[in-house]
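A short write-up of the structure that comes next.
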Amino acid sequence: MINHLKVLFICSILFLAVAEARIKRKHKHNIHVHHLRHEPLLPEYQDQKSLFALDPFYSESPPPPSELPSFSEPPPFPLPAEETKAPFLVNSLGDWELISENAGVSAMHINLLPTNKIIVFDAKVYRTSRIRLPEGEPCVPYRDAGSTEDKFDCFAHAVEYDIETNQVRAIQVTQGDPWCSSGGVRSDGTFVSTGGFDTGGKSIRYMGPNCDGCEWREYDNVLATDRWYSTQQMLPNGDFILIGGRKSYSYEFVPAEGQRSEKTFYFPFLTETSDIDENNLYPFVHLSTDGNLFIFSNNRSILLNPISHKIVRTYPVLPGGSRNYPASGMSALLPINLDDPNPKAEVMVCGGNVPDAFHIVETTRVFLPALQDCNRLVITEEFPEWESELMPSGRTMGDLLVLPNGELLMINGATRGTSAWWDADMPNYTPVLYKPEEPRGLRFTVLKPSTIARMYHSTSTVLPSGKIWVSGSNTHNTYKDVDLFPTETRVEAFSPPYLDPNFDMFRPQILEDASQKELTYGFVFEVSFSMEDGAGLTQNDIKVSMYSPPFTTHGFSMGQRLLFLKIYELITETEGSYRVRVEAPPSNVVAPPGYYLLFVVHRGLPGKAIWVNIQ
């Protein structure tokens, strides 16, 4: 009997060993193949070439193996998980510094470009600014609407701001007025601005790509309908879609440069979400991880397929008030984790005001308190529900920025009133840090306040250094030097807590020349970095994020997107010198083509970013 049991035991061990070996071989093969191909196309996107005149909706196939980077073969699957250390405990509440006394124009609209310049512009309708056109450049003729006299405008209404020197270069706007327009950066680095006021309602403006001394290339009357207060979003194929605008209950696709848009698509959702005070302008638009568009207007949201033009899903109404202009809440897409083969997409919508707040302040000069709630919705779930919590303070006209370590920053705005000239009071000087991975009740941290009111027409953006560039604020129909809230052209830089210099020894410094900057969907690439104190550094201590710098205006950052990439291996070269092997995003659905800031983050501390381009 004992011998029989021994034989049975030995046979069982052999059977388990053989089975395990077969599973490992099969698993290894499947994962290896996965990294040499794209994700399969969704059925409704198979015929994109016939639907879009410019580029196919999805990327072209990867290059043949002979054209791949010369890095050695990646491991067949991510290495076994090691113990994950908590983020560094940083007690700093951030810091402010004034980096420019005068940017020349009030920063109504901004976009960081791959040249490390910020395009900054406001409106021609003012006919003034704090910077004149360069000597010898002709002034722009115009007819004064009040006196009907012919006059000349010798002021610049746009500048190029150099983030490395804090110097500006005046840029002339000669055609349609870009007041309350929209924008974004094309995949080749060209800045594209759409719509605006009056003669600019159907205009498209271009700058770049990647040139010194660029000037606008302006085209009037090329959009199919007026787009004033509309939202621009890049699609996976690199095209831009343009949604909404004042009395524009439709969307259209931005044509190739020099061409005309011939067709609009009626969008009843925008009609349904318009009320007495509109509250549906600058709709919040986010590209979901399935290629559809999440569109939020007033207090409602839907998921739109931009190819079939069908509404895929209708989400629960968000109670409490109105969120879009002029109530002007904030919205952002939370970081997308590409460790997950089916990454979720989650949206935040915070602040704003009650539906009639604009009407009340316009007619009675009573500034109602801004909404204090902050709400999250997982838009990829089958039956999602809004999850709500309270911010430390109410906020209207604020910005909601996604930081390189995955935290979010609420900054600028007011605690009472709404958007529009003279319609807000009580500036919200205090930025707030939001940690989405923490439990409810522990997510908000009140940071160090500014001393400058950043109200209507103020903006902010994340810089490669991890600092926040902050400027603008003009609550008037002209430039005013002396007022309760004067027109602001000063520029500040806010350093979030993660930039506490006491932790600089633990901060990764990317070695740009030793890192790959041209990326291909689904392929492994390497980033080299150094760190003064990397003792005990493991793969789980590091994150690599890609950030798409947005076009920001009126409290909404269009096209903002942060991705956490899948890491395969951390290699220690020498003491303090490392290489991390990372997989590029699998497709242009999760990462539309173009330029991104790439950060290496060590336990919550980001180093300075480098620009990468993915096609």
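Residues: numbered from 1 along the sequence shown. Side-chain atoms are counted along with the backbone in the values below, which use heavy atoms only and exclude waters and symmetry mates.
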Q: Ignoring hydrogens and angles, state whether a donor on the side chain of Glu278 or Asn280 is under 3.5 Å from an acceptor on the partner side chain.
A: no
(Q) Any donor-acceptor pair under 3.5 Å linking the side-chain atoms of Trp611 with those of Asn116? (A) yes
**Q.** Any side-chain donor near an acceptor of the partner, Asn102 and Thr489, under 3.5 Å
**A.** yes
Q. Are the aromatic rings of Phe284 and Phe556 close, with centres under 6.0 Å apart?
A. yes
Q | Over 12 non-hydrogen atoms of neighbours within 6.0 angstrom of CG in Asp212 | A | no
Q. If only atom types and distance count, is the side chain of Asn428 paired as donor or acceptor with the main-chain N or O of Asn412 below 3.5 Å?
A. no
Q.
Taking the six-membered ring for Trp, are Trp469 and Tyr161 closer than 6.0 Å centroid to centroid?
A. yes
Q: Apply the ring-ring contact (aromatic ring centres under 6.0 Å, His included) test between Tyr251 and each candidate in Tyr266, Phe269, Phe267; give the one that qualifies.
A: Phe267
Q. For Phe155, is the NZ or CZ atom of Arg132 found under 6.0 angstrom from the centre of its six-membered ring and inside 45 degrees of the ring axis?
A. yes
Q: Please assess Phe197 against Val125 for the test side chain to side chain contact (heavy atoms under 4.5 Å, CB included), listing each intermediate value before the final yes or no.
A: CA-CA 9 Å; Phe197 171 69; Val125 70; 4.2 Å; yes
**Q.** Heavy-atom donor-acceptor pair, Asp144 side chain to Ser147 backbone, under 3.5 Å
**A.** yes
Q: Answer yes if the side chains of Thr194 and Ser182 hold a donor-acceptor pair under 3.5 Å, and no otherwise.
A: yes
Q) Under 3.5 Å, is there a donor-acceptor pair between the side chain of Ser471 and the main chain of Arg490? A) yes
Q.
Pairing donors with acceptors under 3.5 angstrom, does anything connect the side chains of Ser248 and Asp226?
A. no
Q: Would you sort out whether Val168 and Val120 count as a side chain to side chain contact (heavy atoms under 4.5 Å, CB included), showing the intermediate values?
A: CA-CA 10 Å; Val168 299; Val120 182; over 6 Å; no
Q: Start with the C-alpha distance between Leu433 and Leu403, add both sets of side-chain angles, then the distance that settles side chain to side chain contact (heavy atoms under 4.5 Å, CB included), and finish with yes or no.
A: CA-CA 10 Å; Leu433 191 67; Leu403 301 179; 3.6 Å; yes
Q. Side chain to side chain contact (heavy atoms under 4.5 Å, CB included) between Asn324 and Asn279: does it pass, once the steps are laid out?
A. CA-CA 5 Å; Asn324 296 92; Asn279 286 323; 5.6 Å; no
Q: Verify whether one side chain among Tyr219 and Gln175 offers a donor that lies under 3.5 Å from an acceptor in the other.
A: no
Q. Counting heavy atoms not belonging to Phe152, are there more than 12 under 6.0 Å from its CZ?
A. no
Q: Please report the closest heavy-atom contact between Pro497 and Val90, naming both atoms and the distance.
A: O-CG1, 3.3 Å
Q: Give a yes or no on whether the backbone of Pro138 and the side-chain of Gln172 come within a donor-acceptor separation of less than 3.5 Å.
A: yes
Q.
Once you measure the plane-to-plane angle for Tyr456 and His554, does it fall in the parallel (<30°), tilted (30-60°) or perpendicular (>60°) bin?
A. perpendicular
Q) Cut-off 3.5 Å, side chains only: do Gln167 and Asp162 have a donor facing an acceptor? A) no
Q. Side chains of Asp220 and Ser203: donor-acceptor distance under 3.5 Å anywhere?
A. yes
Q. So, Asn111 side chain and Ile119 main chain: donor-acceptor pair closer than 3.5 Å or not?
A. no
Q. Between Thr552 and Thr461, does any side-chain donor sit less than 3.5 Å from a side-chain acceptor?
A. no
Q) Can you name the nearest heavy-atom pair linking Met391 to Leu371, along with the distance? A) CE-O, 3.7 Å
(Q) I want to know whether Phe121 and Trp216 have ring centres closer than 6.0 Å. (A) yes
Q: State, with a plain yes or no, whether a side-chain heavy atom of Tyr325 is found less than 4.5 Å away from one of Thr418.
A: no
Q: Give a yes or no on whether the backbone of Ala453 and the side-chain of Glu488 come within a donor-acceptor separation of less than 3.5 Å.
A: no
Q.
Regarding Asp373 and Ser388, do their side chains bring together a donor and an acceptor under 3.5 Å, going by distance alone?
A. no
Q: On the 0 to 90° scale, with breaks at 30° and 60°, tag the His476-Trp422 ring pair as parallel, tilted or perpendicular.
A: tilted
Q | Salt bridge present between Lys124 and Asp153 (N-O < 4.0 angstrom) | A | no
Q: Before accepting this row, confirm whether a basic side-chain N of the pair Lys151/Glu149 lies closer than 4.0 Å to the acidic partner's carboxylate O.
A: no
Q. Within the distance-only criterion (no hydrogens, no angle test), does the side chain of Thr190 pair as donor or acceptor with the backbone N or O of Met207 below 3.5 angstrom?
A. no
Q) Does the side chain of Thr273 come under 3.5 Å of the side chain of Ser297 through a donor N or O and an acceptor N or O? A) yes
Q: Report the distance from atom CD1 of Ile204 to atom CG of Leu223, rounding to the nearest 0.5 Å.
A: 4.0 Å
Q | Asp122 versus Tyr479, side-chain donor and acceptor atoms under 3.5 Å | A | yes
Q | Step-by-step side-chain hydrogen bond (donor to acceptor under 3.5 Å, both in side chains) determination, Arg227 to Thr264 | A | CA-CA 11 Å; Arg227 298 293 174 187; Thr264 62; 5.5 Å; no
Q: Indicate yes or no: at least one non-hydrogen side-chain atom of Leu281 is less than 4.5 angstrom from one of Trp228.
A: no
Q. Short question: side chain of Glu252, backbone of Leu242 - any donor-acceptor pair under 3.5 Å?
A. no
Q.
Can you classify the ring geometry of Tyr126 versus Trp421 as parallel (below 30°), tilted (30 to 60°) or perpendicular (above 60°)?
A. tilted
Q: Would you name the heavy atoms of Val192 and Val254 that are closest together and state the gap between them?
A: CG1-CG1, 4.4 Å
(Q) Taking Ala370's backbone N and O only, do any of them form a donor-acceptor pair with Thr396's side chain (distance below 3.5 Å, no angle check)? (A) no
Q: Starting at CD1 of Ile360, measure out to OG1 of Thr364 and round the result to the nearest 0.5 Å.
A: 6.0 Å
(Q) What I want to check is whether the side chains of Thr115 and Asn210 have a donor and an acceptor closer together than 3.5 Å. (A) no
Q) Any side-chain donor-acceptor pair under 3.5 Å between Ser193 and Arg205? A) yes
**Q.** Polar side chain donor-acceptor pair, Ser419 to Ser328, under 3.5 angstrom
**A.** yes
Q.
Less than 4.0 angstrom from a charged side-chain N to a carboxylate O is my criterion; do Glu346 and Arg376 meet it?
A. yes
(Q) Just to verify, which of Cys374, Ser331, Ser301 counts as forming a side-chain contact (heavy atoms from CB on, under 4.5 Å) with Val349? (A) Ser331
Q. Salt-bridged, Asp423 to Arg416, with N to O below 4.0 Å?
A. no
Q: Return the set of residues passing disulfide bond (SG atoms under 2.5 Å apart) with Cys180 (not counting sequence neighbours), or none when no residue passes.
A: none
Q) Taking only residues at least two apart or on different chains, which pairs with a member in residues 454-478 satisfy salt bridge (charged side-chain N to carboxylate O under 4.0 Å, His left out)? A) Glu97-Lys467, Arg454-Glu492
Q: Could you tell me whether Arg186 sits above the aromatic face of Phe191, with NZ or CZ closer than 6.0 angstrom to the six-membered ring centre and within 45 degrees of the axis?
A: no
Q: Take atom NZ of Lys247 as the centre, draw a 6.0 Å sphere, and report whether it contains more than 12 heavy atoms from other residues, nucleotides or ligands.
A: no
(Q) Please enumerate all residues that pass ring pair (Phe, Tyr, Trp, His ring centres under 6.0 Å) together with Phe485, with sequence neighbours excluded. (A) none
Q. Salt bridge or not for Arg169 and Glu160, using N-O below 4.0 Å?
A. yes
